[in-house]
Amino acid sequence: MEKIIYEYCLVRYVPDLERGEFVNVGLLMMCKKQKWMKCEIDINETRIERLSGPVNISLLKKQSEVFTRTDVPFKNLPTEEKYRWLAAVKSAILQTSPTHPGILFSEPTDFVNSLNQKFDQLFNRLVK
């Protein structure tokens with residue numbers, strides 16, 4: 001078994017910057033050693049409208065694409081730099097949480113599968 005160090009942050013919808021309330025709408029996770037990064041967004045309209053009232057969901061989905069698109073200016077950067085760019089603090093309705101580190105133990109031949117499983121666990125617990 002080998003150690004895998006990863007980092008993750010949550011993508012949050014913040015409808016009113018002054019109030020600071022938010023709904024988790026996505027997860028961004030990265031492993032520098034494996035050059036692996038994954039992001040998934042799940043915009044739950046019911047949860048969002050409970051917090052903030054009516055929202056232009058199609059516009060919110062369009063704005064959230066910055067986290068999942070591949071045709072972005074930073075696409076040729078190393079994985080960790082892409083992650084840092086996406087996870088940087090922003091003063092917008094879509095923000096990221098502080099980055100959290102984690103450690104997994106896996107067989108070297110199963111690193112990507114282990115990272116994908118951990119991503120799914122975190123996504124289902126923190127976003128869904």
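Count residues from 1 along the sequence.
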Visitor: Check the hydrophobic clustering (I, L, V, M, F, W, Y; side-chain heavy atoms under 4.5 Å; chains of links allowed) and say if V14 and L51 are grouped together.
Guide: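 No: no chain of side-chain contacts under 4.5 Å links V14 to L51.
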
Visitor: I want to check something: taking the side chain as every heavy atom from C-beta on, are S64 and I43 in contact at a cut-off of under 4.5 Å?
Guide: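 Yes, their side chains come closer than 4.5 Å.
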
Visitor: Of all heavy-atom pairs between V55 and E49, which one has the smallest distance, and what is that distance?
Guide: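 The answer is N-OE2, 3.4 Å.
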
Visitor: Apply side-chain contact (heavy atoms from CB on, under 4.5 Å) to residues L28 and L10 and explain how you reach the verdict.
Guide: CA-CA 6 Å; L28 175 63; L10 293 159; over 6 Å; no

Visitor: Of all heavy-atom pairs between P98 and C9, which one has the smallest distance, and what is that distance?
Guide: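 The answer is O-CB, 3.9 Å.
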
Visitor: Side-chain contact, heavy-atom cut-off 4.5 Å: P78 with K35?
Guide: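 When only atoms from C-beta onward are counted, K35 and P78 do not touch, as no gap falls below 4.5 Å.
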
Visitor: Can you get from Y8 to V25 by hopping between Ile, Leu, Val, Met, Phe, Trp and Tyr side chains that sit under 4.5 Å apart?
Guide: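 No, because Y8 and V25 fall into different hydrophobic clusters, even though each may have its own neighbours under 4.5 Å.
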
Visitor: How long is the gap from CZ on F119 to OH on Y6, to the nearest 0.5 Å?
Guide: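 It is 12.0 Å, given to the nearest 0.5 Å.
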
Visitor: Please assess E40 against V127 for the test side-chain contact (heavy atoms from CB on, under 4.5 Å), listing each intermediate value before the final yes or no.
Guide: CA-CA 10 Å; E40 208 170 302; V127 179; over 6 Å; no

Visitor: Does N56 form a side-chain hydrogen bond (donor to acceptor under 3.5 Å, both in side chains) with S58? I'd like the steps, not just the answer.
Guide: CA-CA 6 Å; N56 185 336; S58 62; 2.9 Å; yes

Visitor: Hey, are R84 and E7 close enough for a salt bridge, meaning a charged N less than 4.0 Å from a carboxylate O?
Guide: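 Yes, this pair counts.
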
Visitor: Should L17 and V66 be regarded as members of a common hydrophobic cluster, given that ILVMFWY residues are connected when their side-chain heavy atoms come within less than 4.5 Å of each other, either directly or indirectly?
Guide: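 No, L17 and V66 fall in different hydrophobic clusters.
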
Visitor: Give the minimum heavy-atom separation between L115 and C31, together with the two atoms involved.
Guide: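 Scanning both residues, the minimum pair turns out to be CD1-CB, 3.8 Å.
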
Visitor: Is there a side-chain contact (heavy atoms from CB on, under 4.5 Å) between I41 and V11 once you walk through the steps?
Guide: CA-CA 8 Å; I41 303 290; V11 179; 4.1 Å; yes

Visitor: For atom NZ of K32, decide whether the heavy atoms of other residues, nucleotides or ligands shown that lie under 6.0 angstrom number more than 12.
Guide: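 12 or below, so no.
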
Visitor: Nearest 0.5 Å please: distance from the CG atom of D110 over to the CD atom of E2.
Guide: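 Separation between the atoms: 12.0 Å.
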
Visitor: List the atom of W36, the atom of T79, and the distance in Å for their closest heavy-atom pair.
Guide: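 Looking at all heavy atoms of both residues, the closest pair is O-CG2, 3.6 Å.
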
Visitor: Answer yes or no: is there a donor N or O on one side and an acceptor on the other, between the side chain of N116 and the main chain of V112, under 3.5 Å?
Guide: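 Between the backbone of V112 and the side chain of N116 there is a qualifying donor-acceptor contact (under 3.5 Å).
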
Visitor: Please tell me if the side chains of F111 and N113 come closer than 4.5 Å, counting only heavy atoms from C-beta onward.
Guide: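 When only atoms from C-beta onward are counted, N113 and F111 do not touch, as no gap falls below 4.5 Å.
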
Visitor: Measure the shortest side-chain to side-chain distance between F123 and D42 over non-hydrogen atoms and say whether it is less than 4.5 angstrom.
Guide: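 F123 reaches D42 side chain to side chain.
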
Visitor: Grab the two heavy atoms, one from S114 and one from I4, that are nearest each other, plus how far apart they are.
Guide: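 Scanning both residues, the minimum pair turns out to be CB-CD1, 4.3 Å.
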
Visitor: In the single-linkage hydrophobic clustering (I, L, V, M, F, W, Y; side-chain heavy atoms under 4.5 Å), do V23 and I93 co-cluster?
Guide: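 Both belong to a single hydrophobic cluster.
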
Visitor: Nearest 0.5 Å please: distance from the CD atom of E45 over to the CD1 atom of I57.
Guide: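 Here the interatomic distance stands at 4.5 Å.
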
Visitor: With a 4.5 Å cut-off on side-chain heavy-atom distances among I, L, V, M, F, W and Y, is there a chain of contacts connecting I5 to M29?
Guide: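 The answer is no; the residues belong to distinct hydrophobic clusters.
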
Visitor: Rounded to the nearest 0.5 Å, how far does CG of L86 lie from CG of L77?
Guide: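 So the CG of L77 and the CG of L86 are separated by 10.0 Å.
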
Visitor: Take Y83 and T99 through the side-chain hydrogen bond (donor to acceptor under 3.5 Å, both in side chains) test and state the conclusion after the steps.
Guide: CA-CA 10 Å; Y83 176 84; T99 291; 3.2 Å; yes

Visitor: Mind checking the OG1-CZ spacing from T46 to R50? Nearest 0.5 Å is all I need.
Guide: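 Reported to 0.5 Å precision, the distance equals 6.5 Å.
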
Visitor: For a quick test of reading the model, state the closest non-hydrogen atom pair linking L94 to Y13 and the distance between them.
Guide: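 The answer is CD2-CA, 4.1 Å.
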
Visitor: More than 12 heavy atoms of other residues, nucleotides or ligands under 6.0 Å from NZ of K61: yes or no?
Guide: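 No.
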
Visitor: Roughly how far, to the nearest 0.5 Å, is the NZ atom of K38 from the CG atom of L27?
Guide: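 One gets 9.0 Å once the value is rounded to the nearest 0.5 Å.
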
Visitor: Are side-chain heavy atoms of Q117 and D120 found at a separation under 4.5 Å?
Guide: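 A side-chain contact is absent here, since even the closest heavy-atom pair is not under 4.5 Å.
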
